[in-house]
Amino acid sequence: MGFNFIPNIKWSNNPNPLSAELLAKVQVPKGVADSDVRAPNFVDVAGMSRLVQREMARSGAGEQMKKVDGLVTKDFQLRFDNPAKQWEYTPLGGPTSRQGPVKFEFLGGSVF
């Protein structure tokens with residue numbers, strides 16, 4: 001089972017690549033270019049509050065900012081070249097083949 005991981009990384013808020021000195025200390029995953037690794041983007045408390053408000057407005061969450069050590073937003077996506085051929089599912093004994101449980105197995109191919 002082989003696969004081809006094709007990264008599509010977008011850095012809309014941080015155009016600064018990680019310095020060569022720090023990059024030497026980071027293990028960059030296979031398939032990700034050194035130029036895709038960014039320097040940390042430090043913000044003050046006011047900046048963090050603005051980021052949290054923007055994220056809450058985008059996601060519809062109604063929480064207040066709590067004590068945090070940083071803000072990480074979720075925007076991770078995978079796309080498969082041909083899901084119907086790359087994934088196989090096997091029914092594991094439900095009443096019909098369309099009801100669970102099922103087992104999914106990745107057969108390989110391109111992942112974006």
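Count residues from 1 along the sequence.
Listed by chain and residue number, A84, K85, Q86 satisfy the side chain to side chain contact (heavy atoms under 4.5 Å, CB included) test with N82 (two or more places apart in sequence, or in another chain). In terms of the ring pair (Phe, Tyr, Trp, His ring centres under 6.0 Å) criterion, residue partners of F80 (sequence neighbours excluded) are, by chain and number, W87, F106.
L92 places none of its side-chain heavy atoms less than 4.5 Å from the side chain of V102.
From F112, atom CZ reaches atom CG of D81 across 5.0 Å, with rounding to the nearest 0.5 Å.
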